[in-house]
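Heads up, the thing below is written out as structure tokens.
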Amino acid sequence: METFQTLLAKKLADALTAAKLPNAGELTPASDARFGDYQTNAALVLAKQRGENPRNVAEKILGRVDVGDLCEPPTVAGVGFINFTLRAEAVAKKAAELLQDERLGVTKTTSTRKIVIDFGSPNVAKPMHVGHVRSTVLGDALARIAQFFGHEVIRDNHIGDWGTQFGMVIYGWKNLLDRQSLQRDPIAELVRIYKETNERSTKDPSVREACRQELVKMQSGDAENLSIWKQCVDLSMGDFERAYKLLDIHYDIQRGESFYNDRLPKVVERLLKSGLAEISEGAVCVFFRDIPELADKPCIIRKRDGGYNYATTDVATVDYRINDLKADTIWIVTGAPQILHFKQIFEIARREGYKADFRHITHGSILGENRKLMKTRSGDNVPLRELLDEACARARKIVEEKNPDLSDTEKIDIAQKIGIGAVKYADLSQYRMTDYVFSWDKMLSLQGNTAPYLQNAYVRIRSIFRKAGETQTKIDQLVLAEAAEINLAKLLCQFAEVVPQVLNDFRPNILANYLFELANSFHTFYEACPVLKSEEPARSSRLALCDLAGRVLQRGLDLLGIKVPEKM
RNA sequence: GCGCCCGUAGCUCAGCCGGAUAGAGCAACGGAUUUCUAAUCCGUCGGUCGGGUGUUCGAGUCACCCCGGGCGCGCCA
């Protein structure tokens, strides 16, 4: 199904051809409602190219443009913009078509790609914390959207399960472990022994050396240490799974760093053999002397002591994803500090001849009220579990207040949808690169650009249908008369124009902002236009509009990984 | 020293490929409710887009310089 934007772009292209002008400029949504619904700067661009007066060029185009019954006659405005205003009948017709469309107008891609999306990546023996929220939530949303477009998506959790932290964890396990605590709350106990060991090792060089030895033993295959490692991995994975269940996050594969162990020597060998890597100060490095930005920043792929590091693992990971998984596209979602690292990794991959489309999708940080990285009072990372539990508890409190008569199971379900949705939406409604200040009150507010506000719009729609006793609408003709109806319907038609924009630069906030506008527009409509009490044909038409709005809200939020309750 | 990201209303933030008089939300103030959930809606107030120079018909957006904040830069991940 074509959007108004693509339909009008074609009409414009036809007009340019008829006027013997090259195709130029673009047709975009109007920057302001005063200018109608769509605008084009084609005349401005052409006038510049040809040294003519823009308004004259615009008039020339206007003489050839035939918008049929889509729009009112287009007009020239300002320095030479051409403005298009949709006719209510055309909007009504399109909305009726959308009602019949499962995909709500969003067309599938014609060039399906195989995309590995790497996001989340928590560390074993450490709790998931607030720092994992952005990568996890953003990566999941992008995966959902890519999938919706028909791409083949492989969600990969690149778990940190082989790092140097294991030296300390194993030392702690052997010397400090309390079995009962481990049974009660495994992650807390792992964290305790890790922290305590860390403290000791900073004070006592002999402890530090002992930790290093434990790590070396593990990495060289010591059975006891490997068994401790395995137990830690299993305990942590259980912890991750609980968080993912609550967050409704799913992975197709979870290839931790350890998965790549036996591939690392071959990676270094290969890079040395091909001349891409060389030995420098005892370490194996890749230099990028021809790239000014990286000229003085070599990438170490084997340490002087013969050990491998995360760069080695990441090169092996690229190999695996392209050669074994047959990916043609790799998206890696991590915080901005890793920009340099992945520039190097991707550059190495290109030099090795890989043609895949590599994207490092970076994001900013979540800050506390003090505008510094969000931490607990004692300075630790805020555990994810506590964060999510509190979100649900706070949401529960609000539900209790507003709707005390609901059953207990309903309240729990609703609180979870609102609480988790609020955390996710607070993140996704913002441009990914900017740091943002975490605020319970703001994200759980019923007013403003929040998940509960959007969910409430959906709930109001469901409420209408419960009252009507009708599950869905069965009409093929809408009658749009009131401004609030027309505006809502136009917005609904834009869903298919907005969703593709998200993948343009990986900005789910574009979709979030659209959904906020939609919810706002729906609320305005709701205030201005009675549905069930109005006369036919308005009643059926408005019911259909509600149906469509509910489905777009539900689908849009689903693409962001957010659920909608039926009541709240 | 080199590099990356950010700087927009009192606060929190949108403004992708340069387009018209820079937009929301919150807060503040003023209105609307015998209602399909007022958990909402409508209105008012509020900005030399950090500063400067340049590119051009046009710059919050691009280039260069400066200021301020955050982060990263050979053996942690």
Side-chain angles (χ1 to χ4, degrees), chain A residues 25-26 28 30-32 34-35 39 41 44-45 47-48 53-54 77-81 83 121 123 160 162-165 257 280-285 287 292-305 307 309-311 313-314 334-341 343 362 364-365 367 371-373 398-399 401-403 429-431 433-437 439 441-442 445-450 452-453 455-457 459-468 484 501-502 504-507 509-510 512-513 516-517 520 523-534 542 546 567-568:
Chain A
E26 53 190 359
T28 59
S31 59
D32 190 297
R34 285 187 304 253
F35 306 133
Q39 65 182 44
N41 61 351
L44 297 176
V45 176
K48 184 178 190 173
N53 179 305
V79 286
F81 290 96
N83 292 334
S121 313
N123 292 313
W162 200 248
T164 43
Q165 77 263 30
E257 290 169 347
S280 166
E281 294 175 35
V284 179
C285 300
F287 286 90
E293 202 187 313
L294 299 179
D296 58 343
K297 295 171 173 58
C299 178
I300 294 176
I301 55 169
R302 194 178 69 202
K303 297 186 285 185
R304 198 195 325 227
D305 67 5
N309 59 12
Y310 75 136
T313 309
D314 281 344
T334 77
Q338 296 192 46
I339 287 176
L340 174 62
H341 169 68
K343 246 178 209 162
T362 55
S365 313
L367 308 179
R371 308 232 61 185
K372 303 222 179 260
L373 276 184
I398 298 171
V399 174
E401 227 170 79
K402 303 289 185 186
N403 228 333
S429 59
Q430 222 125 230
Y431 174 54
M433 282 308 292
T434 37
D435 298 346
Y436 72 90
V437 175
S439 161
D441 291 339
K442 274 180 189 156
S445 169
L446 288 313
Q447 291 147 19
N449 191 4
T450 66
Y453 176 84
Q455 288 167 324
N456 182 234
V459 163
R460 281 183 141 185
I461 292 167
R462 300 312 305 154
S463 177
I464 290 174
F465 280 97
R466 270 197 304 277
K467 196 122 189 170
Q501 288 179 47
V502 175
N504 224 340
D505 191 33
F506 310 107
R507 297 183 185 225
N509 64 306
I510 291 177
N513 291 339
F516 171 62
E517 273 179 48
N520 194 200
H523 280 133
T524 303
F525 159 83
Y526 183 92
E527 298 285 334
C529 305
V531 177
L532 300 177
K533 287 174 193 161
S534 59
R542 287 175 182 177
C546 287
K567 299 176 188 172
M568 64 190 277

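Below, chain A is the first sequence line, B the second, and so on; all start at residue 1.
Pair assignment for B:G7 gives B:C67, based on Watson-Crick or G-U wobble hydrogen-bonding distances that are each under 3.5 Å. A 3.5 Å limit on both hydrogen-bonding distances identifies no Watson-Crick or G-U partner for B:C75. Of all nucleotides present, only B:G54 satisfies the Watson-Crick or G-U wobble test against B:C62, with each distance under 3.5 Å. Look at B:C16: it lacks any Watson-Crick or wobble partner with both distances under 3.5 angstrom. Nucleotide B:A32 is matched to B:U40 when pairs are restricted to Watson-Crick or G-U wobble geometry with both distances under 3.5 angstrom. Nucleotide B:C45 is matched to nothing when pairs are restricted to Watson-Crick or G-U wobble geometry with both distances under 3.5 angstrom.
Taken to the nearest 0.5 Å, the OH atom of A:Y310 stands 12.0 Å off from the OG1 atom of A:T164. With values rounded to the nearest 0.5 angstrom, A:S121 atom OG is found 8.5 Å from A:E257 atom CD. Rounding to the nearest 0.5 angstrom, the gap separating the OG1 atom in A:T450 from the CG atom in A:D441 is 12.0 Å. Atom CZ of A:R371 is separated from atom CG of A:D435 by 8.0 Å, given to the nearest 0.5 angstrom. Atom CG of A:L373 sits about 6.5 Å away from atom CG of A:L367, to the nearest 0.5 Å. From A:I464, atom CD1 reaches atom CZ of A:R542 across 11.0 Å, with rounding to the nearest 0.5 Å.
Both A:N456 and A:T524 lie near RNA chain B, and the one whose nearest nucleotide falls closer to the 5' end is A:N456. Nearest-nucleotide assignment on RNA chain B puts the 5′-proximal partner with A:P292, out of A:P292 and A:N403.
Checked against B:G74, B:C41, B:U21, the side chain of A:R34 finds its nearest nucleotide in B:U21. Among the nucleotides B:C75, B:A39, B:G19, the one closest to the side chain of A:N41 is B:G19. The side chain of A:D296 has B:C2 as its nearest neighbour among B:C2, B:A14, B:C16. Among the nucleotides B:G74, B:C36, B:A77, the one closest to the side chain of A:P298 is B:G74. Of the candidates B:C41, B:C36, B:C57, B:C41 carries the atom nearest the A:Y453 side chain, counting heavy atoms from C-beta on. Here the side chain of A:E257 is nearest to one of B:C36, B:C42, B:A77, namely B:A77. Nearest nucleotide to the A:E527 side chain, out of B:C17, B:C41, B:C36: B:C41. Checked against B:C16, B:C76, B:C75, the side chain of A:R304 finds its nearest nucleotide in B:C75. Comparing atom distances between the A:N520 side chain and each of B:G23, B:C41, B:C57 picks out B:C41 as nearest. Of the candidates B:G74, B:C13, B:A24, the closest approach to any side-chain atom of A:T434 belongs to B:C13.
Side chain of A:D505 to main chain of A:R507: no donor-acceptor pair is present (N/O by atom type, distance under 3.5 Å, no hydrogens or angles). The closest donor-acceptor contact from the side chain of A:N41 to the backbone of A:E26 lies under 3.5 Å.
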* To do: Scan nucleotides 60-72 of chain B nucleotide by nucleotide, 5' to 3', and note B when protein non-hydrogen atoms come under 4.0 Å of the base, S if they reach only the sugar-phosphate, - if neither.
  => -----------SB
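Note: A:Y453 and A:F516 have tilted aromatic rings, judged against thresholds of 30 and 60 degrees for the angle between ring planes.
Separating the C1' atom of B:C65 from that of B:U55 is a span of 15 Å, rounded to the nearest Å. Spacing between B:G1 and B:A9 at atom P, rounded to whole Å, works out to 30 Å. Spacing between B:U61 and B:U53 at atom P, rounded to whole Å, works out to 13 Å. Comparing B:G68 with B:G60, their P atoms are spaced 24 Å from each other, to the whole Å. Between B:G7 and B:G50, the distance separating the two P atoms is 7 Å to the nearest Å. Distance check on atom C1': B:G46 versus B:C26 gives 13 Å, rounded to whole Å. Using C1' as the reference atom, B:U8 and B:G51 are 14 Å apart when rounded to the nearest Å. Comparing B:U33 with B:C17, their P atoms sit 46 Å apart, to the nearest whole Å.
Here A:V459 lies in heavy-atom contact (under 4.0 Å) with a base. Among the atoms of the strands shown, base atoms are found under 4.0 Å from some heavy atom of A:I300. Here A:A311 lies out of heavy-atom contact (under 4.0 Å) with every strand.
In this structure, the CG atom of A:L44 is 18 Å from the P atom of B:C17, given to the nearest Å. One can place CH2 of A:W162 at 17 Å from P of B:C76, the figure rounded to the nearest angstrom. Summarising the geometry, the separation between OH on A:Y431 and C1' on B:G25 is reported as 21 Å, rounded to the nearest angstrom. Between A:D32 atom CG and B:G19 atom P there is a gap of 15 Å when expressed in whole angstrom units. A:L367 has its CG atom 15 Å from the C1' atom of B:C11, to the nearest Å. The distance between atom NE2 of A:H523 and atom P of B:C36, rounded to the nearest whole Å, is 15 Å.
The aromatic ring of A:F35 sits over the base of B:A20, with ring centres less than 5.5 Å apart and planes tilted by under 30°. Judged by centroid separation below 5.5 Å and plane tilt below 30°, A:F81 stacks onto the base of B:A20.
The side-chain heavy atoms of A:M433 and A:T362, taken from C-beta on, include a pair separated by under 4.5 Å.
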